[in-house]
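Below you'll find the structure, written out as structure tokens, and then a few comments.
These numbers come from the heavy atoms of this one structure, side chains and all, not from hydrogens, waters or symmetry mates. One is the number of the first residue; the rest follow in order along the sequence.
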Amino acid sequence: AKGKIVGIEVLPNVGRSCAEATDRHGMSAIHRAAGLGILADLRTFAARGDDLALINEKGASPLYYAAQNPRAGLAVFRFYAKTLGREAFSKLTRRAVIPNQHTLALEAVFNVNEPVLRFLLAQAKTGAAVDFGTPTVFGWTPRSFAAREKLAIAKLLPRDTIADRRAFLRQKEAAWLQTKGNDRHRRGLALIAAATRGDRAQVDRLLAAGVDINGRYGRLGALALNSLSRPGLSRDEER
């Protein structure tokens, strides 16, 4: 039956303990405790044999939420590394979250969580498979996003290039068009490409052919008018 546990609505058990059952937001008591930095609860769950590495419906582990907490996240990461052991911990550090494709490192950058970033860098030096390279759906990597936000720690993160991110976005866009695309999107993306490279003649031809300059096109619903500063593709980004 439905009930309450540490302030969240719990779904029917379905073979899980109450700590592992998730609410409508995909949050279990384990995810909440990790996000809030409540180590006492995490130790209790571990002693009971609950799954500390539980992946919720959004594809997020509890560490995803701990990475959002600059004040208490580091203690949670240390607890997980010690409790889970290297192999199980590494599985979590190389996992990106669907649908935003945020890695733990990216989420730490997004929340200006430098203690967790430094911990992840230290873990990588000892052989843990920390993912610093997978771009988000917009093409950002931890380093490029940190550089955009002018964070000093950006220089410590593994380097990537604009070319890498552009290739990633082109690949994702092509795969999306194969399954979801149609002529409207193809012509709209052609308009965005022409605007991006400054091809005024091609822009004029496409507009004359009826392409809507205010339409949203492609996997990310891009607009032609902001194509010169599409996320992850700014020409002024630090390389």
Side-chain angles (χ1 to χ4, degrees), residues 6-8 22-42 45 52-84 89-125 128-160 164-165 168 220 229-234 237-238:
V6 293
I8 64 173
T22 55
D23 64 13
R24 65 183 181 276
H25 303 294
M27 298 289 285
S28 70
I30 296 172
H31 289 87
R32 298 265 183 190
L36 294 171
I38 307 175
L39 291 180
D41 285 356
L42 291 174
F45 299 147
L52 293 181
L54 181 68
I55 306 300
N56 67 12
E57 289 85 347
K58 296 181 179 180
S61 77
L63 288 180
Y64 176 79
Y65 301 100
Q68 299 173 8
N69 188 337
R71 187 170 299 176
L74 177 59
V76 174
F77 269 75
R78 285 175 170 165
F79 170 78
Y80 264 73
K82 180 179 179 180
T83 304
L84 295 184
F89 183 72
S90 285
K91 287 182 179 179
L92 297 184
T93 58
R94 62 173 179 259
R95 182 183 183 88
V97 173
I98 300 170
N100 61 15
Q101 280 297 112
H102 282 201
T103 60
L104 294 181
L106 192 287
E107 197 63 24
V109 169
F110 190 83
N111 290 278
V112 198
N113 195 341
E114 185 169 326
V116 162
L117 277 173
R118 290 186 177 278
F119 180 78
L120 290 172
L121 285 166
Q123 289 291 307
K125 287 181 179 179
V130 181
D131 185 351
F132 290 105
T134 297
T136 70
V137 292
F138 293 109
W140 293 109
T141 59
R143 182 184 175 106
S144 63
F145 195 86
R148 192 197 80 165
E149 297 300 304
K150 296 180 172 55
L151 302 182
I153 200 170
K155 64 182 181 295
L156 301 179
L157 298 171
R159 182 174 292 276
D160 62 283
D164 291 336
R165 299 196 296 281
F168 167 82
L220 301 176
S229 59
R230 283 183 73 190
L233 295 182
S234 172
E237 281 185 69
E238 180 179 316

message: For the NZ atom of Lys58 and the NE2 atom of His25, what is their distance to the nearest 0.5 Å?
response: 7.5 Å
- request: Would you name the heavy atoms of Ala33 and Leu42 that are closest together and state the gap between them?
  value: CB-CD2, 3.9 Å
message: Quick check against the 3.5 Å criterion: does Arg94 have a side-chain atom that pairs as donor or acceptor with the backbone of Ala129?
response: no
- prompt: Would you say Lys150's side chain and Ala147's backbone share a donor-acceptor pair under 3.5 angstrom?
  reply: no
- prompt: Closest approach of Ala72 and Gly37, non-hydrogen atoms and distance?
  reply: CB-CA, 3.9 Å
message: Does any part of the side chain of Val130, heavy atoms only, come nearer than 4.5 Å to the side chain of Leu104, both counted from C-beta?
response: no
- prompt: Considering only heavy atoms from C-beta outward, does the side chain of Thr136 approach that of Thr103 to under 4.5 Å?
  reply: no
- prompt: Say you draw a straight line from CG of Leu121 to CG of Leu157; how long is it, rounded to the nearest 0.5 Å?
  reply: 5.5 Å
task: Side-chain contact test, heavy atoms from C-beta onward, threshold under 4.5 Å: evaluate it for Ile153 versus Arg118 and give yes or no.
output: yes
statement: Taken to the nearest 0.5 Å, the spacing of Leu84 CG from Lys91 NZ works out to 10.5 Å
query: Is there a side-chain contact (heavy atoms from CB on, under 4.5 Å) between Phe132 and Leu106 once you walk through the steps?
result: CA-CA 8 Å; Phe132 290 105; Leu106 192 287; over 6 Å; no
- request: Report the relative orientation of the aromatic rings in Phe119 and Phe89; use parallel for angles under 30°, tilted for 30 to 60°, perpendicular for over 60°.
  value: perpendicular
query: When rounded to the nearest 0.5 angstrom, what distance separates CD in Gln68 from NE2 in His102?
result: 9.5 Å
task: Indicate yes or no: at least one non-hydrogen side-chain atom of Leu151 is less than 4.5 angstrom from one of Val109.
output: yes
- request: Report yes or no: do Thr22 and Glu57 form a side-chain donor-acceptor pair below 3.5 Å?
  value: yes
- prompt: Where do Pro62 and Leu52 come nearest, in terms of heavy atoms and distance?
  reply: CG-O, 3.3 Å
query: Can you find a heavy atom in the side chain of Leu117 that is under 4.5 Å from one in the side chain of Asn113?
result: no
- prompt: Hey, what's the ring geometry for Phe145 with Trp140, parallel, tilted or perpendicular (30° and 60° as the breaks)?
  reply: perpendicular
query: How many angstroms lie between CG in Asp131 and CD in Gln101, if you round to the nearest 0.5 Å?
result: 9.0 Å
- request: Would you indicate whether Phe110, at its atom CZ, is surrounded by more than 12 heavy atoms from other residues, nucleotides or ligands within a distance under 6.0 Å?
  value: no
- prompt: Given the rule in the side-chain contact (heavy atoms from CB on, under 4.5 Å) test, do Leu156 and Glu114 qualify, once you have shown the distances and angles that lead to the verdict?
  reply: CA-CA 11 Å; Leu156 301 179; Glu114 185 169 326; over 6 Å; no
query: Does the side chain of Leu92 reach to within under 4.5 Å of the side chain of Tyr64, using non-hydrogen atoms?
result: no
field: Minimum side-chain heavy-atom gap Asn69-Asn111 below 4.5 Å
entry: no
query: Are side-chain heavy atoms of Pro115 and Phe77 found at a separation under 4.5 Å?
result: no
- prompt: If you round to the nearest 0.5 Å, how far is CG of Leu39 from OH of Tyr80?
  reply: 10.0 Å
query: Does any N or O in the side chain of Arg95 come within less than 3.5 Å of the main-chain N or O of Gly59, such that one atom is a donor and the other an acceptor?
result: yes
task: Check for a donor-acceptor pair, side chain of Asn56 on one end and backbone N or O of Met27 on the other, with a separation under 3.5 Å.
output: no
query: Do Ser144 and Thr141 get their side chains close enough for a donor-acceptor pair, meaning under 3.5 Å?
result: yes
